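Taking it in order: structure first as structure tokens, then the write-up.
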Amino acid sequence: MSFTPPSRTPSGPRRRSLLTSAAGAAVLVGCSAPESSSPGTAGRSPSAADAARARAARDSETLAARYAAVIAAHPPLAKRLDPLRTEVVRHAQAFGGTGSRPSASPSASPSASSSASPSGSASASPSASTSASSSAPASASSSPAVPAREKDALADLAAAELALVDRRTKALLDVPGELARLLASVAAAGAAHAFLLTKEAK
């Protein structure tokens with residue numbers, strides 16, 4: 001009796017959708033409600049684990065703010081970046097954060113700031129310049145600078161994702177098991193984000 005092999009399945013979804021879905025599934029595995037640290041976890045103090053969780057939440061909130069700044073500066077990228085930013089917000093919430101930071105308009109790119117008229121800067125009063133300089137650190141911390149070119153902005157996001165992946169991978173050995181699994185899941189999602197962003201930037 002002859003055996004008829006099964007027909008090949010149709011081609012799957014696009015690579016971007018597949019990777020995004022896989023990243024979301026990986027995070028769902030580790031995104032249970034934040035557990036309180038157990039005092040008897042391998043001799044590590046609960047305060048250290050709680051600090052690591054809070055730091056991870058802040059890192060994800062900062063990354064989400066960077067995504068928001070890029071979307072605000074380059075609206076055509078919103079359709080591609082919104083799903084990734086949504087996942088980053090979920091990461092922050094999984095670590096116990098709110099998933100949001102104080103909103104602010106994106107900082108002007110170097111090219112935009114250099115185009116300011118010299119006469120306007122020369123006519124600024126000393127008191128105005130003093131107040132502007134004193135408020136500069138606060139605005140810079142809440143509104144990350146966004147490159148003027150879309151490809152550069154995407155590459156900047158990819159670099160931020162990879163830097164966070166590296167930091168979280170190194171932190172795995174210093175946190176308890178459940179938090180380590182969550183960090184690993186989120187790091188895997190970040191690596192997938194970085195891959196997609198790098199492909200988009202080309």
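For the single chain, residues carry numbers from 1 onward in sequence order. Here the structure is a predicted model, which means the values were calculated and not measured.
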> What's the shortest heavy-atom distance between V146 and A73, and which atoms?
Replying inline: CG1-CB, 3.6 Å
> What are the two closest non-hydrogen atoms of E161 and A194, and how far apart are they?
Replying inline: CB-CB, 4.0 Å
> Say you draw a straight line from CD of Q93 to CD of E61; how long is it, rounded to the nearest 0.5 Å?
Replying inline: 9.0 Å
>> Hydrophobic cluster membership, with links at side-chain heavy-atom distances under 4.5 Å among I/L/V/M/F/W/Y: are L162 and L154 in one?
In response: no
> Less than 4.5 Å apart, any side-chain heavy atom of R53 and any of L182?
Replying inline: yes
>> Could you report the tightest heavy-atom contact between T169 and A187, atom names first, then the distance?
In response: OG1-CB, 4.3 Å
>> Classify the ring geometry of H91 against H193: parallel below 30°, tilted from 30° to 60°, perpendicular beyond 60°.
In response: parallel
>> Looking only at side-chain N and O atoms, does E87 offer a donor or acceptor that is under 3.5 Å from a partner on Y67?
In response: no
> Where do L179 and A49 come nearest, in terms of heavy atoms and distance?
Replying inline: CD2-O, 3.6 Å
>> Is any side-chain heavy atom of L157 closer than 4.5 Å to one of L81?
In response: yes
>> Are L197 and L84 packed together at the side-chain level, in the sense that at least one heavy-atom pair is separated by less than 4.5 angstrom?
In response: yes
> Between A180 and L172, which heavy-atom pair has the shortest distance, and what is it?
Replying inline: O-CD2, 3.2 Å
> Would L183 and V89 show up in the same hydrophobic cluster when neighbours are defined by side-chain heavy atoms closer than 4.5 Å?
Replying inline: no
> Considering all heavy atoms of both residues, which atom of V165 and which atom of G190 are nearest to each other, and what is their separation?
Replying inline: CG2-C, 3.6 Å
> Rounded to the nearest 0.5 Å, how far apart are NZ of K151 and NZ of K202?
Replying inline: 11.0 Å
>> With a 4.5 Å cut-off on side-chain heavy atoms, are V186 and F95 touching?
In response: yes
>> If we ignore hydrogens and angles and just use 3.5 Å, is the side chain of R168 paired with the main-chain N or O of A56 as donor and acceptor?
In response: yes
>> The test is salt bridge (charged side-chain N to carboxylate O under 4.0 Å, His left out); show your working for E178 and R181 and say whether it passes.
In response: CA-CA 5 Å; E178 183 64 24; R181 287 190 290 271; 2.6 Å; yes
>> Assess whether a salt bridge exists between D166 and K170, defined as any Lys/Arg side-chain N lying under 4.0 Å from an Asp/Glu carboxylate O.
In response: yes
>> Between R55 and R167, is the side chain to side chain contact (heavy atoms under 4.5 Å, CB included) condition met? List the steps.
In response: CA-CA 11 Å; R55 182 169 57 252; R167 189 183 317 164; 5.6 Å; no
